[in-house]
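A quick write-up on the structure given underneath.
Worth knowing before you read on, the calculation uses all heavy atoms, side chains too, and leaves out hydrogens, waters and symmetry mates.
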Amino acid sequence: NNNFHHSWLFSGIKGIGKYKTAIHFIKTIYGDKENFDQQVFKVNNDENFAMLDDIRILINQISLTNSDHNTKSFIIIDNADSLNFNSFNALLKTIEEPPNNTVIIIICHDVRNIPKTIISRCIKLNFQPLNINELQEYCNLKNLILDNSFLNENYNLIGGSIEKLLILTNKEGKFIKQKL
């Protein structure tokens with residue numbers, strides 16, 4: 001019914017699907033509407049770490065583009081663990097008083113790195129590491145054929161992360177494991 005909280009915090013180990021869940025969440029809300037990409041603003045990823053000015057530009061941009069009251073705009077802040085104190089302070093005011101029809105999704109790997117003032121204003125979703133059965137289900141879904149004992153033998157290295165599973169099953173990952 002389009003009645004949900006404006007700030008979310010997705011936390012959990014790296015590589016378990018927090019970002020993909022955020023995108024799926026947004027697509028579910030948008031349905032088949034056009035201009036999906038024009039309403040999703042992403043900042044801070046593994047390749048491009050956000051600085052204070054990036055956060056300020058994003059906040060300004062979302063305020064300017066959010067004139068259509070029938071369309072929601074989404075801000076995705078990935079790897080929020082890497083933001084500095086000043087970036088969080090700039091973000092705090094927006095979380096406290098978000099522009100109409102704006103939803104903020106903060107993704108982090110360790111919630112202890114997020115200021116309590118931010119955490120207290122968000123709906124928290126803690127993603128748990130996948131167990132062996134869930135990893136096997138993922139492998140089956142993606143037609144990733146593994147030796148029956150692979151997951152049992154390597155679960156401690158994988159740690160419940162799909163990203164680590166995929167690394168261990170590619171050529172470079174096998175080489176790294178062999179060297180270890």
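- Between Lys18 and Phe10 the shortest heavy-atom distance is O-CD2, 3.6 Å.
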request  = Output, in order, the C-alpha distance, side-chain angles, deciding distance and verdict of side-chain contact (heavy atoms from CB on, under 4.5 Å) for Lys164 and Asn154.
outcome  = CA-CA 10 Å; Lys164 290 179 185 175; Asn154 295 292; over 6 Å; no
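- Between Phe150 and Leu168 the shortest side-chain heavy-atom distance falls below 4.5 Å.
- Across all their heavy atoms, Gly160 and Ile16 have their closest contact at O-CG2, 3.2 Å.
- Side chains of Asn133 and Glu137 form no contact here, defined as non-hydrogen atoms less than 4.5 Å apart.
- Of the inter-residue distances, the one linking Thr117 atom OG1 with Arg121 atom CZ reads 6.0 Å to the nearest 0.5 angstrom.
- Nearest approach of Ala22 to Ile76, heavy atoms of both residues: CB-CD1, 4.5 Å.
- Shown here are the ring pair (Phe, Tyr, Trp, His ring centres under 6.0 Å) partners of Tyr19, two or more places apart in sequence or in another chain: there are none.
- Counting non-hydrogen atoms of neighbouring residues, nucleotides and ligands closer than 6.0 angstrom, the NZ atom of Lys124 exceeds 12 such neighbours.
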message = Let's go through Ile26 and Val103 carefully: what are the C-alpha distance in whole Å and the side-chain angles of both, what is the deciding distance for side-chain contact (heavy atoms from CB on, under 4.5 Å) to 0.1 Å, and is it a yes or a no?
response = CA-CA 9 Å; Ile26 295 167; Val103 178; over 6 Å; no
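- The two atoms that bring His109 and Lys14 nearest to each other are ND1-CA, 3.6 Å, heavy atoms only.
- The side-chain heavy atoms of Leu130 and Ile158, taken from C-beta on, include no pair separated by under 4.5 Å.
- Here the NZ-CZ distance, from Lys171 to Phe175, works out to 10.5 Å after rounding to the nearest 0.5 Å.
- When every heavy atom of Leu165 is checked against every heavy atom of Cys139, the shortest pair comes out as CD2-SG, 3.6 Å.
- Between atom CD1 of residue Ile162 and atom CG of residue Leu135 there is a gap of 6.5 Å, rounded to the nearest 0.5 Å.
- A pairwise comparison of heavy atoms in Val111 and Ser11 identifies CB-CB, 4.2 Å as the closest pair.
- Evaluation of the side chain to side chain contact (heavy atoms under 4.5 Å, CB included) rule for Asn170 yields Glu172 as partners, not counting sequence neighbours.
- Phe88 pairs with exactly one of Ile95, Ile77, Ile114 by the side chain to side chain contact (heavy atoms under 4.5 Å, CB included) rule, that one being Ile114.
- Ile106 has its side chain within reach of Leu91: a pair of non-hydrogen atoms, C-beta onward, lies under 4.5 Å apart.
- For Asn152 and Ser149, the side-chain atoms include no donor-acceptor pair closer than 3.5 Å.
- The shortest distance between side-chain heavy atoms of His6 and Ile104 does not fall below 4.5 Å.
- Two different hydrophobic clusters hold Ile167 and Leu157 under the rule that ILVMFWY side chains link at heavy-atom gaps under 4.5 Å.
- Of the possible polar contacts, none joining the Asp81 side chain to the Asn113 backbone as a donor-acceptor pair under 3.5 Å is found.
- The aromatic rings of Phe25 and Phe74 sit perpendicular, their planes meeting at an angle over 60°, well past the 30° parallel limit.
- If you take CG on Asp147 and OG1 on Thr169, they are separated by 13.0 Å, rounding to the nearest 0.5 Å.
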